[in-house]
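Since the structure comes first, as structure tokens, the remarks are kept for the end.
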Amino acid sequence: MDAPEDRPLRDEPGRRDVAARRTVHHGMVWDIVRDTIDFAPGVRFDREYVHHTGAVAVLAVDERDRMLLIRQYRHPAGETLWEIPAGLLDVGGEAASAAALRELREETGHDAQTVQTLLDFRPSPGGSDEVIRIYLVTGVRAAVEDGFVRTDEEAELEVRWAGIDEVARAVLAGDLTSGSLVAGVLALVGHRALGAPLRGRDTPWPERPGHGTDG
């Protein structure tokens, strides 16, 4: 069925009725749930998916037009990946923008003066309700030491600056594959090429799973 060409290009909310829901696995970080969905009259089916806390990521740019990268081991991928700083929205009452700045400091030892909303995206909407917001931050500077200790995978975390064009070319060559990094750098390149405006730091975020509309 073809969609009308004059229909606005935006995702539309409208969750179908859920006849039953149960948690089939309680995980260390997130759960797997099974919904029985009343999709249409006479049409009902089950879907299992990851019920996620939501997450934020930070694309930090300095005065030399370089972006701040981190490198860490990711066990499900079986690789050590270059990424941008990111973390879960797992602190109650913490605004998403504040969580992003906290992750920036904890993972890289940097703070930022200016924060804008660059991108919202769903990494795998067929299997997870995760939504990630990427912030573009500038005015980046070394933070005052706060005593934060990195553990587990983060114990070997490396930090470096790299040119935005260099990163974008590595993404298109298939050399960099981390989702937030890929989405973030290509969104920044697109923003600059199109002259598209960015949203503010505390733009409402109603899509966050299990949360309200705070930014």
* **Separation of Leu101 CG from Tyr135 OH (nearest 0.5 Å)** => 8.5 Å
* To do: For the residue pair Thr36 and Arg22, establish whether any side-chain heavy-atom pair is separated by less than 4.5 Å.
  => no
* Euclidean distance, Arg160 CZ relative to Thr108 OG1, rounded to 0.5 Å -> 14.5 Å
* With a cut-off of 6.0 Å (strictly less than), are more than 12 heavy atoms of other residues, nucleotides or ligands near CG of Asp65? -> yes
* Asked: So do the side chains of Leu68 and Val159 get within less than 4.5 Å of each other, counting heavy atoms only?
  -> yes
* Asked: Does one side chain, of Gln72 or Glu83, offer a donor that lies under 3.5 Å from an acceptor on the other?
  -> yes
* **Test item: Arg66 and Ile164 side chains (from C-beta on) under 4.5 Å apart, heavy atoms** => no
* **Arg64, CZ: over 12 other non-hydrogen atoms inside 6.0 angstrom** => no
* Counting distance only, does the side-chain N/O of Glu103 pair as donor-acceptor with the main-chain N or O of Ala57 below 3.5 Å? -> no
* To do: Carefully, step by step, assess Glu94 and Arg102 under the rule salt bridge (Lys or Arg N to Asp or Glu O under 4.0 Å).
  => CA-CA 10 Å; Glu94 184 179 41; Arg102 174 175 53 79; 2.9 Å; yes
* Asked: In Å, rounded to the nearest 0.5 Å, how long is the span from CD of Glu156 to OG1 of Thr80?
  -> 7.5 Å
* To do: Examine His51 together with Trp30 and report whether their ring centres are nearer than 6.0 Å.
  => no
* Is there a donor-acceptor contact under 3.5 Å from the side chain of His110 to the main chain of Ala142? -> no
* Asked: Quick one: does Thr23's side chain get under 4.5 Å of His26's, heavy atoms only?
  -> yes
* To do: Please step through salt bridge (Lys or Arg N to Asp or Glu O under 4.0 Å) for the pair Arg141 and Asp62, ending with a clear verdict.
  => CA-CA 8 Å; Arg141 61 191 184 279; Asp62 71 0; over 6 Å; no
* To do: Give, for atom OG1 of Thr114 and atom CG of Leu136, the distance between the pair rounded to the nearest 0.5 Å.
  => 9.0 Å
* Residue pair Tyr49 / Ser124, side-chain heavy-atom distance below 4.5 Å -> no
* **Any side-chain heavy-atom pair of Arg34 and His25 under 4.5 Å** => no
* How about Met67 and Trp161: do any of their side-chain heavy atoms sit closer than 4.5 Å? -> no
* To do: Please answer whether the main-chain N or O of Gly200 pairs with a side-chain N or O of Thr117 as donor and acceptor at a distance below 3.5 Å.
  => yes
* Structure fact -> When rounded to the nearest 0.5 Å, the distance separating CG of Asp17 from CG of Asp35 is 11.5 Å
* Beyond-backbone contact of Val140 with Glu63, side-chain heavy atoms, under 4.5 angstrom -> no
